[in-house]
Amino acid sequence: PAFGLFLFTIARDPLRIIILIAGAFFWLVSLLLSSLIWFIAVKASDPRDERLQKGLLIFGVMFSVLLQEAFRFLYYKLLRKAIEGLVALSEDGCSPISIQQMAYVAGVGFGLMSGAFSMINLLADALGPGTVGIHGDSQLYFLTSAFMTMVLIFLHTFWGILFFHGCEHRRWWEIAAVVVMHLTVSGLSFCNPLYVGSLVPSYMLMAAAAAWAYLLSGGSAQNLRRFLLCKS
């Protein structure tokens, strides 16, 4: 599904590809900084203290989420400046891409890079040693991880639309809602290996974020009905 988004909505437009790659780079930088902070915290603590290590893991996840959203805001500011430059260079005084389209493409960029790193971690685990479920644990680890990766890609896409809309119209509660949803989905991962406890709420949040982003982008029930019935 994520590849379909890229293929049908982004791949044919060079400007959108540039925005997507830049968005992926911003997410990558946020991951690098949060990983560095977590690595230093772990090395400076007692590795034998399991309670402390779990607390550091929770801190690392929450700090990473906040840093990702901070970089999403920085990327919004950068794209806002880019729009002003595109308008100044255009002959008709109009930007070739709207802020709503930028928000969507930037969200896809964040999501694809997030999904790529999730896949890399899964492939590293698949190399071994050991077999999934050999000690009686769930054998659905790779399948549920794939579904979780997909929901995160879509959530980043919808969060990008909501976050940019909040910045554009100074609706700070929309930005706060994105941060809260991101923290919630990340926190749900601690329910694993109870995968139902993490997947079901995450997909429910994805459906809510999708509907919200659709409405903010100018969508309506009538347009959705026409789309489903293949009517112009």
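Please read these numbers as outputs of a predicted model, since none were measured by experiment.
Between atom CE of residue M148 and atom OG of residue S189 there is a gap of 6.5 Å, rounded to the nearest 0.5 Å. Between the CD atom in Q53 and the CD1 atom in I58 there is a gap of 12.0 Å [rounded to 0.5 Å]. In this structure, CG on L28 lies 10.0 Å from CG on L33, to the nearest 0.5 angstrom. Within the model, atoms CG of L140 and CG of L199 stand 10.0 Å from one another, a figure rounded to the nearest 0.5 Å. With rounding to the nearest 0.5 angstrom, the CH2 atom of W159 is 15.0 Å from the CD1 atom of I175. Note that CG of L123 and OG of S118 are 11.0 Å apart. Values are rounded to the nearest 0.5 Å.
Side chain of S64 to backbone of G60: no donor-acceptor contact under 3.5 angstrom is found. A donor-acceptor pair is defined here as one N or O able to donate and one able to accept, closer than 3.5 Å; no such pair exists between the side chain of S186 and the backbone of L183. At least one donor-acceptor pair closer than 3.5 Å links the side chain of Q101 to the backbone N or O of S98. For the pair H182 (side chain) and V178 (backbone), a donor-acceptor distance under 3.5 Å is absent.
Residues I10 and L5 form no side-chain contact, since every pair of their non-hydrogen atoms from C-beta on lies 4.5 Å or further apart. Under the 4.5 Å side-chain criterion, counting only non-hydrogen atoms from C-beta, E168 is in contact with R80. I153 is not listed as a side-chain neighbour of S114, based on a closest heavy-atom distance of 4.5 Å or more. In this structure, L122 and Y141 have side chains that are in contact, with non-hydrogen atoms separated by less than 4.5 Å. Residues Y75 and I19 have side chains in contact (heavy-atom distance under 4.5 Å, counting atoms from C-beta outward). In this structure, Q68 and H156 have side chains that are in contact, with non-hydrogen atoms separated by less than 4.5 Å. For the pair N223/Y214, a side-chain contact is recorded, criterion being any heavy-atom separation below 4.5 Å from C-beta on. F147 is listed as a side-chain neighbour of Y203, based on a closest heavy-atom distance under 4.5 Å.
No continuous path of ILVMFWY side-chain contacts below 4.5 Å connects I18 to I21, so the two sit in separate hydrophobic clusters. Taking hydrophobic clusters as Ile, Leu, Val, Met, Phe, Trp and Tyr residues chained together by side-chain heavy-atom distances below 4.5 Å, I99 shares a cluster with L20. L188 and M206 fall into different hydrophobic clusters, where Ile, Leu, Val, Met, Phe, Trp and Tyr are joined by side-chain heavy atoms under 4.5 Å apart, directly or via other members. The hydrophobic clustering, which links ILVMFWY residues whose side-chain heavy atoms are closer than 4.5 Å, places V108 and L74 together. Cluster membership for M150 and F117, using ILVMFWY side-chain heavy atoms within less than 4.5 angstrom, is shared.
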Before giving the answer on side chain to side chain contact (heavy atoms under 4.5 Å, CB included), spell out for I97 and R16 the whole-Å C-alpha distance, their side-chain angles and the decisive distance to 0.1 Å.
-> CA-CA 8 Å; I97 185 171; R16 294 186 182 185; 4.0 Å; yes

Applying side chain to side chain contact (heavy atoms under 4.5 Å, CB included), run through V180 and T184 and close with a yes or a no.
-> CA-CA 6 Å; V180 170; T184 302; 4.1 Å; yes

Check the pair F163, C167 against side chain to side chain contact (heavy atoms under 4.5 Å, CB included), reporting the backbone distance first and the verdict last.
-> CA-CA 6 Å; F163 195 96; C167 292; 3.5 Å; yes

Trace of the side chain to side chain contact (heavy atoms under 4.5 Å, CB included) decision for L162 with E174 | CA-CA 7 Å; L162 298 175; E174 290 182 351; 5.6 Å; no

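No cation-pi contact links R72 to F26, judged by a cut-off of 6.0 Å to the six-membered ring centre and 45° from its axis.
The aromatic rings of F154 and F158 sit parallel to each other, their planes meeting at less than 30°, with 60° as the upper class boundary.
With sequence neighbours excluded, the residues that form a ring pair (Phe, Tyr, Trp, His ring centres under 6.0 Å) with W212 are W173. Under the side-chain hydrogen bond (donor to acceptor under 3.5 Å, both in side chains) criterion, D13 pairs with no residue at all, not counting sequence neighbours. Every residue two or more places apart in sequence or in another chain that forms a ring pair (Phe, Tyr, Trp, His ring centres under 6.0 Å) with F63 is listed here: F59.
For the ring-ring contact (aromatic ring centres under 6.0 Å, His included) with F164, the lone residue among Y76, F110, F73 that qualifies is Y76.
Across all non-hydrogen atoms, the minimal contact from S45 to L56 is OG-CD1, 3.2 Å. Here the shortest heavy-atom pairing between A209 and M181 reads CB-SD, 4.4 Å. Residues L79 and A106 come closest through the heavy atom pair CD1-CB, 4.3 Å. Smallest separation of non-hydrogen atoms from A103 and I161: CB-CA, 3.9 Å. When all heavy atoms of S202 and V185 are compared, the closest pair comes out as OG-CG1, 3.9 Å.
More than 12 heavy atoms of other shown residues, nucleotides or ligands fall within 6.0 angstrom of atom CZ in F190. A 6.0 Å sphere centred on CZ of F142 holds more than 12 heavy atoms belonging to other residues, nucleotides or ligands. Annotation for Y195: atom OH counts as buried by contact number, over 12 foreign heavy atoms lying within 6.0 Å.
Remark: the T9 side chain and the Y104 side chain contain an N/O donor-acceptor pair separated by less than 3.5 Å.
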